[in-house]
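Written below as structure tokens is the structure these notes are about.
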Amino acid sequence: MARQRLAAPAHGFAMLVAVQVAMVAALLALGYGSEMASARRVTAEQGLAAAINSTAKATRPVVVTITEDIVLTGSLPLILGPIVIKGACGGRKCVIDGAGKYGIFQAYAAPPQCSVTIENLILRNAAEGAVYSKCDLKLTRVHFAKNKGSSAAAVGNGLAKWHIEDCLFEKNSASGAGGALYVSAAGRGRLVRTTFRSNRAGQDGGAVYIFGQVANAYVLDRVTLDSNTAGKSGGGLFVVGTASGAPKVFVSGCKFTKNVAAGGPGGALALSYLLDARICHTSIAGGRNSAKDGQGNDLALLDGNYFPQMTVSFCPANPNSLSLFVTPVPRLPIVRQNCAVCALPR
Ligand SMILES: *[C@@H]1O[C@H](CO)[C@@H](O)[C@H](O)[C@H]1NC(C)=O
């Protein structure tokens, strides 16, 4: 069932499989299995690097199947074209380990020529982040653990769209914003059935930081943010809007517990500048989230004063005991009950 859903041409990710560069094929082509095997053995790491190299000239996705755990002994090459990287280690997820020294996947070409799909892997112990993508990014059933330095997953400046589903981000840390996930790309983005636990950012957004772009939509659909910590504001999630048009932010069916904004307001969630936020069927109040000096243990609305104002809609009702902080400005954000705005965009 899950496979069929992946195969559907959802969200504009090209799923056509043209070049099958399975690890086995790479090993055979390079002579593994012959009498000279020991002298010419190609490691899984080299096979992966060769497949990544082939993306530079690929016009359709290169498909790499990882069948054993890999501990990196060096940086992998840059991804410069479309690629699908899947784990297939039987009943468990294969691991790619950055050995505490290397980043893992970095994709630098521009969409739509370039897209990166990663499925069914554990990416851990990366230095300077596990995945950095300027390409469209799709992550399914990926666990990010104990990655350090930069955000575990980052979607960089450019036009990239992103879709993250059934993933787990645990114990990652970043010195800057977004302990687990940092987004500054212009494309729309969606997080589905994903958990962020015990991630830590030096600055805003203990788990997730989104730099919103004009007239765009971001969806968090059934996301759990638990025990994440920001050095500044937005212990779980920080979304910054623009001054010239309100990006939409859907927080739907989500749960915020025990997130901490150690150095500023917004223990669970901080929203900044101009945004149109819809917080629907989400548990946020009473989840033991905390902010510095109790300034919006649950929610902070920062640096408003635009026209039209920042709008925050709650459904089914404004939570009774919401701990809310609002930057005092002449044109205050509008906080209201409104279920009519909850339908998620496709
Ligand atoms: C990948 O390309 C780089 C740069 O051209 C090269 O140095 C490296 O050996 C290649 N790796 C593999 C495994 O083909």
Side-chain angles (χ1 to χ4, degrees), residues 13-90 93-139 142-144 147-150 152-158 160:
F13 284 92
M15 296 302 277
L16 272 182
V17 173
V19 192
Q20 177 85 24
V21 187
M23 219 37 78
V24 173
L27 294 176
L28 289 176
L30 290 157
Y32 180 54
S34 72
E35 286 164 54
M36 298 296 288
S38 61
R40 291 197 274 157
R41 187 172 194 277
V42 172
T43 65
E45 180 181 11
Q46 287 165 329
L48 175 58
I52 290 174
N53 271 357
S54 75
T55 60
K57 295 195 175 117
T59 53
R60 298 203 241 165
V62 172
V63 177
V64 188
T65 304
I66 309 285
T67 57
E68 61 184 270
D69 295 344
I70 296 173
V71 179
L72 295 183
T73 60
S75 296
L76 290 167
L78 296 181
I79 295 170
L80 296 171
I83 191 165
V84 177
I85 302 162
K86 315 176 179 195
C89 281
K93 289 184 164 62
C94 311
V95 176
I96 302 182
D97 189 313
K101 289 188 230 167
Y102 310 107
I104 300 178
F105 297 119
Q106 295 184 58
Y108 271 95
Q113 289 78 11
C114 176
S115 65
V116 175
T117 298
I118 304 174
E119 298 172 7
N120 227 25
L121 285 170
I122 295 173
L123 303 179
R124 73 179 184 207
N125 290 331
E128 299 309 317
V131 175
Y132 175 85
S133 184
K134 284 174 75 79
C135 305
D136 288 344
L137 179 66
K138 183 168 191 187
L139 303 172
V142 179
H143 290 188
F144 290 84
N147 299 290
K148 290 203 173 77
S150 303
V155 194
N157 289 324

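First listed ligand is number 1; within each ligand, the first listed atom is number 1.
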Exercise for the section: Give a yes or no on whether K148 atom NZ has more than 12 heavy-atom contacts from other residues, nucleotides or ligands under 6.0 Å away. Expected result: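 For K148, atom NZ is not crowded (no more than 12 foreign heavy atoms under 6.0 Å).
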
Practice task
Would you name the heavy atoms of L123 and N147 that are closest together and state the gap between them?
Solution key: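 That closest heavy-atom pairing would be O-ND2, 3.1 Å.
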
Problem - Shell of residues surrounding ligand 1, defined by a 4.0 angstrom heavy-atom cut-off that is strict - result: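 These residues qualify: Q46, A49, A50, N53.
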
Problem - Residues that F105 engages under ring pair (Phe, Tyr, Trp, His ring centres under 6.0 Å), provided they are two or more places apart - result: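 Ring pair (Phe, Tyr, Trp, His ring centres under 6.0 Å) check on F105 returns nothing, list empty.
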
Problem - Under the side chain to side chain contact (heavy atoms under 4.5 Å, CB included) test, residues paired with D97 that sit two or more places apart - result: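 Checked D97 against side chain to side chain contact (heavy atoms under 4.5 Å, CB included); matches are V71, V95, A99, R124, N125.
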
Exercise for the section: Could you list all the side-chain hydrogen bond (donor to acceptor under 3.5 Å, both in side chains) pairs where at least one residue sits in residues 101-110, not counting sequence neighbours? Expected result: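 Of all non-adjacent pairs touching residues 101-110, none passes side-chain hydrogen bond (donor to acceptor under 3.5 Å, both in side chains).
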
Handout entry: Main-chain N/O of A58 paired to T55 side chain as donor or acceptor, under 3.5 Å
Key =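 No, the answer is negative, given that no donor and acceptor are paired below the 3.5 Å cut-off.
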
